[in-house]
Amino acid sequence: MEYLCSRAAAPRSENLSSMTAPVPTEDPFAPLQAFDRLREAALARTTLGFSPESLLLAWTDWALHLAGAPGKRLELALRLARSAPAMPSRPGDPRFAGEAWQQSPFKEWAQGFLAVQDWWRHATEGVPGTERHHEDIVSFFGRQWLDMMAPSNLPWTNPELLRKTFEEGGLNLWRGTLHWMQDAARKASGLPPEGSERFVVGRDLAATPGQVVLRNGLMELIQYSPSTPDVHAEPLLVVPAWIMKYYILDLSAHNSLVRWLVAQGHTVFCISWRNVGEADREIGFDDYRSQGVMAALDAVGRIVPGRRVHAVGYCLGGTLLAIAAAAMARAHDDRLASMTLFAAQTDFSEPGELQLFIDPAQVHMLDSLMWKQGVLSAEQMTGAFQMLQSNDLVWSRVVHDYLMGERAPLIDLMAWNADTTRMPYRMHSEYLHRLFLGNDLAAGRFVVDGHALALQNLRLPIFAVGTERDHVAPWRSVYKIHYLCDTDIAFALTNGGHNAGIVSEPGHPHRHFRLLEKKPDDPVLAADEWFAAAPVHEGSWWPAWQDWLVRHSAAVRVAPPAEAPSLGAAPGAYVLQR
């Protein structure tokens, strides 16, 4: 669709890392280096973005050290010999939890598979001399192959599938084939998944009333209409990640965090990022700070003058917010009343299984791919995330949709997940090099406006949320904000994953969370110590966060601020870009 504002030129960061800068055109060998990049970009398309060199190094390191460790090989042989008589009587894996799996020979097949899976875990752990990163890569890709061959995924070894096929005379397989053909045709045509038509952005999703009050070349700022006669004095500014559409926080009416916050009497502003294209390749990480967070803060200050702002960042948006807040603290800019981070990392030394795809060889290949394309496409991002949860996101769907021949109805979270975005080359390259590889923010090397940032300069209260099953930002990594800041920190750990744990509205069944606050003079607990000490609360963490916001707000509520001149109704135009 046609953009609503013109851009004379893409914004450009002034603080670019030399390792991600393009090859100078005056370099006589630049064409040869460009040739290498073109070769790597072409190779990346055939390997789904994975570096063959990285995989080969990992497997070689593991195999050579295992070959030189007779004690480890003997240990594995003994484990294999003991696994058969010591197999558990009832597998704990949810794939084999049904009663049909408790009958022979399916019970023995499931137990045998779990025993092999456990043996492989030991085979790739503690091999003397092997680099830990290489062990993790070998273990991960071996598990991918094992999961593909699991008895639950094969028609002739899955008792539930065999029974259904017998009862329906094979019609389930026919329906599954039709489902596969429909999905393949939709994917080839660039269409969203089956059932997405029931979720229209602006009608069913992202439907909280509001107005676009600012638009620049990178984002739109939405001000939501009040629904209470008076409001808390301090407004909220939400900074979502640009790896996803902002309305993860404004889904359906019953689970929209934005709508719930408005109903609690908060004046809410939210950034909606533009979906960039190839022409935006030179947009840098600092452009998202300056034209995103800082431009939004300036606009909020004009609409609600004289009030400090509760800033909220989600995932990569939370990392960006922490950087912006640290830069503001250094400049003695005290416009923030508090900072809330949803599943956002500030220390990347232990980023979880995502580190499997982040090493120098892998990042170099991604650099080449993005250099050629100008962006990192959604398909190239989702492939890695699906591999991290292949049982839940890939194989369970294969069994349910294509073998059982059933269709689970699409839910709002799934429809949002299919509404993908792109990321510009320069920004993502800087992000990978400076944060994932260099961990520059935690180390005090991240430079903004010519100055290295220190998160220790933050004095505002912080509320951080981690999720127990987060494969993107593991909660122990999110927890490391405690080691970087000497301020009031309330940390909540909720059950669920990276998205479902955050979209955890009051009334949602089977929800619980832990919460513990730390004052500046309190000793910092290790993550596991914190887990043992933090009390468990049933239900949603949203009300606890709301109470915390109220405690850090003015005691007297005020009349809602007037809406700024409107540039169009929410959800705006940028969220509709494909």
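FYI, the numbering just counts along the sequence from 1.
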With no hydrogens and no angle check, just 3.5 Å: does a side-chain donor-acceptor pair link H537 and R514?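 The criterion, which ignores hydrogens and geometry beyond distance, is not satisfied for R514 and H537.
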
Hey, are S477 and E350 close enough side-chain-wise for a donor-acceptor pair under 3.5 Å?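 There is no such pair (donor and acceptor under 3.5 Å, judged by atom type) between the side chains of E350 and S477.
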
Could you tell me whether the side chain of [Y] reaches within less than 4.5 Å of the side chain of [X], counting heavy atoms only?
| X | Y | answer |
| --- | --- | --- |
| V276 | I283 | yes |
| T47 | P52 | yes |
| M370 | P424 | no |
| T124 | I137 | no |
| F269 | I222 | no |
| Q345 | P351 | yes |
| H266 | L549 | yes |
| M339 | L321 | yes |

When you look at F342 and T467, which way does the side chain to side chain contact (heavy atoms under 4.5 Å, CB included) test go after all the steps? CA-CA 9 Å; F342 296 160; T467 64; over 6 Å; no

Chi angles and distances behind the salt bridge (charged side-chain N to carboxylate O under 4.0 Å, His left out) call for R132, E125: CA-CA 8 Å; R132 175 64 183 272; E125 281 183 356; over 6 Å; no

Provide the closest heavy-atom pair for [X] versus [Y] in the form atom of the first, atom of the second, distance.
| X | Y | answer |
| --- | --- | --- |
| A311 | L336 | CB-CD2, 3.9 Å |
| W242 | T421 | O-OG1, 3.1 Å |
| C270 | Y224 | CB-CE1, 3.7 Å |
| L453 | A327 | CD2-CA, 3.7 Å |
| L320 | V239 | CD2-CG1, 4.4 Å |
| V300 | P235 | CG1-CG, 3.8 Å |

Measure from the side-chain N and O atoms of [X] to the backbone N and O of [Y], and report whether any donor-acceptor pair falls under 3.5 Å.
| X | Y | answer |
| --- | --- | --- |
| T340 | V312 | no |
| W416 | K245 | yes |
| R330 | H451 | no |
| R215 | L221 | no |
| T46 | L43 | yes |
| S540 | S504 | yes |
| H65 | G129 | yes |
| S553 | E234 | no |
| S290 | D286 | yes |
| D250 | L257 | no |

Ring-plane angle category for [X] and [Y], please: parallel below 30°, perpendicular beyond 60°, tilted otherwise.
| X | Y | value |
| --- | --- | --- |
| F141 | F357 | perpendicular |
| Y483 | Y479 | perpendicular |
| H498 | H471 | perpendicular |

Let's go through S272 and E220 carefully: what are the C-alpha distance in whole Å and the side-chain angles of both, what is the deciding distance for side chain to side chain donor-acceptor pair (under 3.5 Å) to 0.1 Å, and is it a yes or a no? CA-CA 5 Å; S272 173; E220 292 178 328; 4.5 Å; no

For [Y], is there an ion pair with [X] - N to carboxylate O distance below 4.0 angstrom?
| X | Y | value |
| --- | --- | --- |
| D470 | R476 | no |
| E278 | K372 | no |
| R459 | D486 | no |
| D367 | R426 | no |

Between R335 and V309, does a side chain to side chain contact (heavy atoms under 4.5 Å, CB included) hold up when you go through it step by step? CA-CA 6 Å; R335 285 180 289 172; V309 178; 5.6 Å; no

Examine F513 together with W545 and report whether their ring centres are nearer than 6.0 Å.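 Between F513 and W545, the centre distance exceeds or equals 6.0 Å.
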
Could you tell me if the ring centre of W120 sits under 6.0 Å from that of W62? yes

Steps toward side chain to side chain donor-acceptor pair (under 3.5 Å) verdict (Y425, D280): CA-CA 8 Å; Y425 154 61; D280 303 299; over 6 Å; no

Could you point out which residue of D347, T487, L441 forms a side-chain contact (heavy atoms from CB on, under 4.5 Å) with L455? L441

If we check ring pair (Phe, Tyr, Trp, His ring centres under 6.0 Å) with W273, which of these qualifies: Y288, Y314, Y246?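 It is Y288, the one option of Y288, Y314, Y246 that forms the ring pair (Phe, Tyr, Trp, His ring centres under 6.0 Å) with W273.
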
Carefully, step by step, assess H433 and H428 under the rule side chain to side chain contact (heavy atoms under 4.5 Å, CB included). CA-CA 9 Å; H433 281 287; H428 200 53; over 6 Å; no

If you round to the nearest 0.5 Å, how far is CD of Q355 from CD1 of I358?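 Answer rounded to 0.5 Å: 9.5 Å.
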
Say you draw a straight line from NZ of K480 to CH2 of W475; how long is it, rounded to the nearest 0.5 Å? 11.5 Å

For V375 and M423: C-alpha separation, side-chain torsions, deciding distance, then whether side chain to side chain contact (heavy atoms under 4.5 Å, CB included) applies. CA-CA 5 Å; V375 295; M423 295 195 290; over 6 Å; no

More than 12 heavy atoms of other residues, nucleotides or ligands under 6.0 Å from CD of Q144: yes or no? yes

Please assess T130 against D61 for the test side chain to side chain donor-acceptor pair (under 3.5 Å), listing each intermediate value before the final yes or no. CA-CA 6 Å; T130 307; D61 184 18; 4.5 Å; no

As a quick check of understanding, evaluate side chain to side chain donor-acceptor pair (under 3.5 Å) for H552 and D488, giving each step before the final call. CA-CA 11 Å; H552 292 90; D488 291 353; 4.7 Å; no

Honestly, is R434 close enough over F446, meaning NZ or CZ under 6.0 Å from the six-membered ring centre and within 45° of the axis?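 R434 over F446 ring: yes.
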
Check Q373, E40, R39 against S368 for a side chain to side chain donor-acceptor pair (under 3.5 Å) and give me the one that passes.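 Exactly one candidate clears the test, E40.
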
Run the numbers on D298 and R302 for salt bridge (charged side-chain N to carboxylate O under 4.0 Å, His left out), then give the verdict. CA-CA 6 Å; D298 291 342; R302 290 191 294 269; 5.3 Å; no

Please report the C-alpha distance between D521 and K519 in whole Å, then the side-chain angles of each, then the deciding distance to 0.1 Å, and finally whether the salt bridge (charged side-chain N to carboxylate O under 4.0 Å, His left out) criterion is met. CA-CA 5 Å; D521 294 335; K519 299 300 181 183; over 6 Å; no

